[in-house]
Structures are given as C-alpha cells and as structure tokens.
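So the structure is just underneath, and the comments pick up after that.
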Amino acid sequence: MKNRMNLLLLATFLAVSLFTGCASTPPVDEEVLAMSVTERESDARKMADAYMNAFMKSFRDNDFELFRSILSPQKQKSFTPEMFRTMRESSLKEQGKLKSAEYALSLDKAIFRTFVWKLSYEKEGVDQETILRDFLFFVRIGKTDENTFSVAGAGFCL
C-alpha cells in the first residue's frame, strides 16, 4: 500500500512539474493583451484542443516525441524517454487506461482562458472488479501579442 502511495505521489509530482509552464511560443516582453470574445471562444479553444489531443495520443500510443513536442522548449531539453516511460507506466498502473475525455468547461479571464476536460480511466482491481476513476485536466491559454497564443500551463487538477 505504501509503495502505491509513493508511486501515485511520484506520478502526481511528475505531471505537475512537467505540465506547468508549457508554451508553444517564446514569451514576449510586451504587456499581455486582453483577448476578445471571439478569440477566447475559437482561437484559444483550438490551441487547447490540439494540446489535449496530443497529450492523450502520446500516452495512448506510447509516443515520447509527440509528448515532448507539447512541452516548453526549456522542458524539452531535459525531458528524457526514461522520464516519459516512468510517468506513463505509473499512470497506467495507478489510473488505468484512458476510456474517455469529455470537454467540461472553460474559465475566463481577460488575459487567459482555462479549458477543463473530464478524463475517465478504467482499471482492474485486485479482485477482478472494474475500477472507474475520473480526473480533471486543464489547459491554460494566454495571448502573448496581437496574433499569438501560447499554452501557459496544463496538468491534472488535484
């Protein structure tokens, strides 16, 4: 039981430390601009959807390079295939297989928008019973200049 808790804590730590601070474009020194309603509803959502699809596909297909591509350039330099393998194996052991992902809601701020998905996992328990678990996963999109959006953070909501 203690081993399980340690693995769960390790997986949580890795997920939080790897997903926060993700970015698709380099930061701009200019002040962050407010998003229009249209941008918040379309452009930012498209970027969040693309991030989420790559995240889920990389875990499903065991694709290190795809997962690495959604990390910030700084994190890409230090993230190794072994780290991905450990994180993926820990996730499969503790959470099980991802069965579905359902877009849940978005939280609006003037300079960024947080998109939230409900991820449903399934695994087999010790007595062969099916265990269903739901988790929330967020992707935060910000506007860095007039026409550029970036992923400001992503991860499981604890």
Side-chain angles (χ1 to χ4, degrees), residues 11-123 132-158:
T12 302
F13 173 76
L14 284 172
V16 169
S17 65
L18 290 173
F19 298 138
T20 53
C22 298
S24 63
T25 59
V28 177
D29 290 335
E30 300 171 19
E31 186 176 310
V32 177
L33 304 172
M35 285 191 246
S36 71
V37 173
T38 303
E39 289 169 332
R40 288 194 304 264
E41 293 303 323
S42 62
D43 295 341
R45 172 68 191 270
K46 286 177 191 173
M47 179 174 270
D49 285 341
Y51 183 97
M52 195 65 197
N53 288 335
F55 170 77
M56 291 184 300
K57 187 176 183 334
S58 69
F59 267 71
R60 184 191 70 215
D61 298 345
N62 196 20
D63 190 337
F64 165 74
E65 288 301 326
L66 179 60
F67 184 82
R68 192 170 167 265
S69 75
I70 63 175
L71 299 176
S72 68
Q74 181 183 4
K75 298 269 189 215
Q76 286 180 5
K77 293 175 187 173
S78 61
F79 192 68
T80 66
E82 179 64 23
M83 292 168 76
F84 177 72
R85 185 186 66 72
T86 300
M87 188 172 63
R88 185 173 179 273
E89 286 175 0
S90 178
S91 173
L92 286 170
K93 183 177 180 178
E94 293 302 317
Q95 295 167 282
K97 284 191 170 191
L98 179 64
K99 288 299 178 186
S100 67
E102 178 184 335
Y103 175 74
L105 60 97
S106 65
L107 304 170
D108 192 18
K109 297 288 185 191
I111 59 172
F112 65 86
R113 189 166 189 108
T114 302
F115 300 91
V116 181
W117 281 264
K118 176 183 146 189
L119 304 181
S120 297
Y121 290 85
E122 181 179 281
K123 74 176 193 172
L132 303 173
R133 301 175 82 187
D134 293 330
F135 297 90
L136 296 178
F137 190 91
F138 75 91
V139 178
R140 184 168 295 129
I141 304 295
K143 188 171 183 182
T144 54
D145 65 28
E146 189 62 35
N147 298 308
T148 308
F149 295 90
S150 66
V151 177
F156 287 98
C157 303
L158 301 176

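Just so you know, these numbers come straight off a predicted model, no measurement behind them.
Annotation for C157 and F138: closest pair SG-CD2, 3.7 Å, computed over non-hydrogen atoms. Nearest heavy atoms, I70 versus Y51: O-CE1, 3.4 Å. Taking each heavy atom of Q76 and L71 in turn, the nearest pair found is NE2-O, 3.0 Å. Closest approach of F115 to A48, counting heavy atoms only: CD1-CB, 3.5 Å.
In summary, the side chains of S91 and Q95 do present a donor paired with an acceptor at a separation below 3.5 Å, with no hydrogens or angles considered. Counting only N and O atoms by type, the side chains of S58 and D63 include no donor and acceptor under 3.5 Å apart.
Ring centers of F84 and F59: under 6.0 Å apart, within the cut-off.
Using bins of under 30°, 30° to 60° and over 60° for the plane-to-plane angle, the ring pair Y121/F135 lands in the perpendicular bin. Aromatic ring pairs are classed by plane angle as parallel below 30°, tilted from 30° to 60° and perpendicular above 60°; the pair F67 and F79 is tilted.
Exactly one residue among W117, F55, Y103 makes a ring pair (Phe, Tyr, Trp, His ring centres under 6.0 Å) with F137. That residue is F55. Exactly one residue among L105, L119, V116 makes a side-chain contact (heavy atoms from CB on, under 4.5 Å) with L136. That residue is V116.
In this structure, the side chain of S90 does not engage the main chain of M87 through any donor-acceptor pair within 3.5 Å. Between the side chain of R113 and the main chain of I141, no donor-acceptor pair closer than 3.5 Å is present. A donor-acceptor pair under 3.5 Å is absent between the side-chain atoms of K123 and the main chain of L92, judged by distance alone. Judged purely by atom type and a 3.5 angstrom limit, R60 has no side-chain atom pairing as donor or acceptor with the backbone of L98.
Interatomic distance, CG of L66 versus CE of M56, reported as 11.0 Å (0.5 Å rounding). How far CZ of R68 is from NZ of K77: 10.5 Å, rounded to the nearest 0.5 Å.
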Decide side chain to side chain contact (heavy atoms under 4.5 Å, CB included) for R85 and R88; before the verdict, give the C-alpha distance in whole Å, the side-chain angles of both, and the deciding distance to 0.1 Å.
CA-CA 5 Å; R85 185 186 66 72; R88 185 173 179 273; 5.9 Å; no
